Participant: 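Sending over a structure as structure tokens; questions will come in a sec.
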Amino acid sequence: MLQLVTLFNGIELLEGGFMKKIVGFMVFVVPVFVFAKDIDAKNNDLISAGKTYNLIFDLDAKPSVYDASHGNGLNYVKNMIDTCNKYKAKCNIQVVIHYKSFPLVVKAGEISSKLLGKGVFYDYNKDINYIINNGASVITSKDGMNYYNINESQLLPGVKVADSATLYLASQVQKGYLLISD
């Protein structure tokens, strides 16, 4: 005889052979397809067009981490901008560049190679311009400027200055921004 066995808080399966397989398929697999079809019918994707996303990137590693050969840092920001555009999502993107990554926001030649670090001679102007020209904000800190003895005229165009990068990041997280660290 077939017996009913209760599993996983009330999901009932028939014990034994062919019936067990059919009922298992109906209970576990069919709802997944129905749910996926329902999502696709409503949004045509898992990302909703017109939905607002607040993202803040915290870039604080050595500049060599962000050169053109790596997929993180500035490239990750650029890819996220492209993703938002592709899916017609409204993205408020902020990029906070501080600590060791501070040279990313300084005009080429303004900081000696000694301060930049061994082997780092990449010009980030195109990357920063792309980010700013696509509506994202790039922020650095007065602390970093003081450490490198840099004034605002030596920063790349469009870069904003906060008193403290850490406090700025904290304030944006409190406002609901998703913090993405390198």
Side-chain angles (χ1 to χ4, degrees), residues 39 43 45-182:
I39 289 174
N43 301 322
D45 200 276
L46 293 176
I47 299 175
S48 299
K51 187 172 179 182
T52 300
Y53 298 90
N54 297 318
L55 310 171
I56 189 161
F57 290 83
D58 176 14
L59 306 184
D60 66 355
K62 294 185 297 186
S64 60
V65 172
Y66 307 121
D67 69 22
S69 66
H70 293 81
N72 56 359
L74 296 176
N75 284 333
Y76 186 22
V77 174
K78 290 171 18 181
N79 288 337
M80 187 53 63
I81 289 170
D82 294 342
T83 299
C84 292
N85 291 336
K86 177 181 176 182
Y87 292 106
K88 295 177 178 59
K90 182 180 177 193
C91 295
N92 299 316
I93 298 175
Q94 297 185 9
V95 184
V96 178
I97 298 175
H98 63 111
Y99 189 50
K100 291 180 181 178
S101 68
F102 181 78
L104 299 176
V105 295
V106 178
K107 293 175 185 172
E110 294 290 339
I111 296 180
S112 71
S113 60
K114 180 180 176 186
L115 288 174
L116 280 172
K118 185 177 180 182
V120 180
F121 299 103
Y122 186 77
D123 183 0
Y124 296 94
N125 189 38
K126 287 183 182 179
D127 297 317
I128 299 297
N129 281 337
Y130 180 85
I131 291 167
I132 291 172
N133 290 338
N134 280 280
S137 299
V138 176
I139 298 102
T140 194
S141 72
K142 285 184 183 178
D143 292 338
M145 293 174 62
N146 291 337
Y147 178 80
Y148 287 104
N149 197 25
I150 295 291
N151 61 50
E152 286 192 46
S153 68
Q154 294 170 297
L155 297 175
L156 293 172
V159 174
K160 299 173 184 175
V161 180
D163 290 331
S164 165
T166 303
L167 294 178
Y168 183 80
L169 287 163
S171 72
Q172 296 307 98
V173 168
Q174 288 174 343
K175 291 178 183 176
Y177 275 75
L178 173 66
L179 178 63
I180 303 169
S181 297
D182 56 5

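Quantities reported herein were computed from a predicted structural model and do not represent experimental measurements. All residue numbers refer to positions in the sequence shown, counting from 1.
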Participant: Between the side chains of Tyr148 and Gln154, is a donor N or O closer than 3.5 angstrom to an acceptor N or O?
Facilitator: no
Participant: Under the criterion side chain to side chain contact (heavy atoms under 4.5 Å, CB included), I'd like the reasoning laid out for Ile131 against Lys78: C-alpha separation, chi angles, the key distance, then a yes or no.
Facilitator: CA-CA 6 Å; Ile131 291 167; Lys78 290 171 18 181; 4.0 Å; yes
Participant: So does Asn146 have more than 12 non-hydrogen atoms from other groups sitting under 6.0 Å from CG?
Facilitator: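 Counting neighbours around CG of Asn146, more than 12 heavy atoms of other residues, nucleotides or ligands fall under 6.0 Å, so yes.
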Participant: Centre-to-centre under 6.0 Å for Tyr147 and Phe102, is that the case here?
Facilitator: no
Participant: Using a cut-off of 6.0 Å, state whether more than 12 heavy atoms not belonging to Tyr177 lie near its atom OH.
Facilitator: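 Check passes, neighbour count above 12.
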Participant: Quick one, Val159 with Glu152, criterion side chain to side chain contact (heavy atoms under 4.5 Å, CB included). Give me CA distance, side-chain angles, the key distance, then yes/no.
Facilitator: CA-CA 9 Å; Val159 174; Glu152 286 192 46; over 6 Å; no
Participant: Kindly give the heavy-atom pair with the smallest separation between Ile56 and Tyr168, and that separation in Å.
Facilitator: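 Looks like CD1-CE2, 4.0 Å.
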Participant: Can you check side chain to side chain contact (heavy atoms under 4.5 Å, CB included) on Leu155 and Val106, steps first, answer last?
Facilitator: CA-CA 4 Å; Leu155 297 175; Val106 178; 4.2 Å; yes
Participant: Let me confirm one number: the CG-CG distance from Leu169 to Asp58, rounded to the nearest 0.5 Å.
Facilitator: 4.5 Å
Participant: Using modelled atom types only, decide if a donor and an acceptor are shared between the side chain of Thr140 and the backbone of Ile97 within a distance under 3.5 Å.
Facilitator: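 The answer is yes, because a donor-acceptor pair under 3.5 Å joins these two groups.
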Participant: Calculate, to the nearest 0.5 Å, the distance between atoms CD and CD1 belonging to Gln94 and Ile139 respectively.
Facilitator: 4.5 Å
Participant: Within this structure, what is the CG-OG distance for the pair Asp60 and Ser141, rounded to the nearest 0.5 Å?
Facilitator: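 Here the interatomic distance stands at 10.5 Å.
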Participant: Will you find, in the side chains of Tyr130 and Asp82, an N or O donor that is under 3.5 Å from an N or O acceptor?
Facilitator: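 Their side chains do contain a donor-acceptor pair, which is all the 3.5 Å distance test asks for.
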Participant: Do you know which two heavy atoms are closest between Lys160 and Ser137, and how far apart they sit?
Facilitator: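 Heavy atoms of Lys160 and Ser137 come nearest at NZ-OG, 3.5 Å.
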Participant: Would you say Ser101's side chain and Leu59's backbone share a donor-acceptor pair under 3.5 angstrom?
Facilitator: yes
Participant: Can you measure from NZ (Lys175) to CG (Asn54) and round to the nearest 0.5 angstrom?
Facilitator: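 Here the rounded value is 10.5 Å.
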Participant: After noting the C-alpha distance and the side-chain angles of Leu104 and Val138, does the key distance pass the side chain to side chain contact (heavy atoms under 4.5 Å, CB included) rule?
Facilitator: CA-CA 10 Å; Leu104 299 176; Val138 176; over 6 Å; no
Participant: Taking atom CD1 of Ile132 and atom CD1 of Ile93, what is their separation to the nearest 0.5 Å?
Facilitator: 13.0 Å
Participant: When rounded to the nearest 0.5 angstrom, what is the spacing between CD1 in Ile81 and SG in Cys91?
Facilitator: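 Interatomic distance, Ile81 CD1 to Cys91 SG, rounded to 0.5 Å: 9.0 Å.
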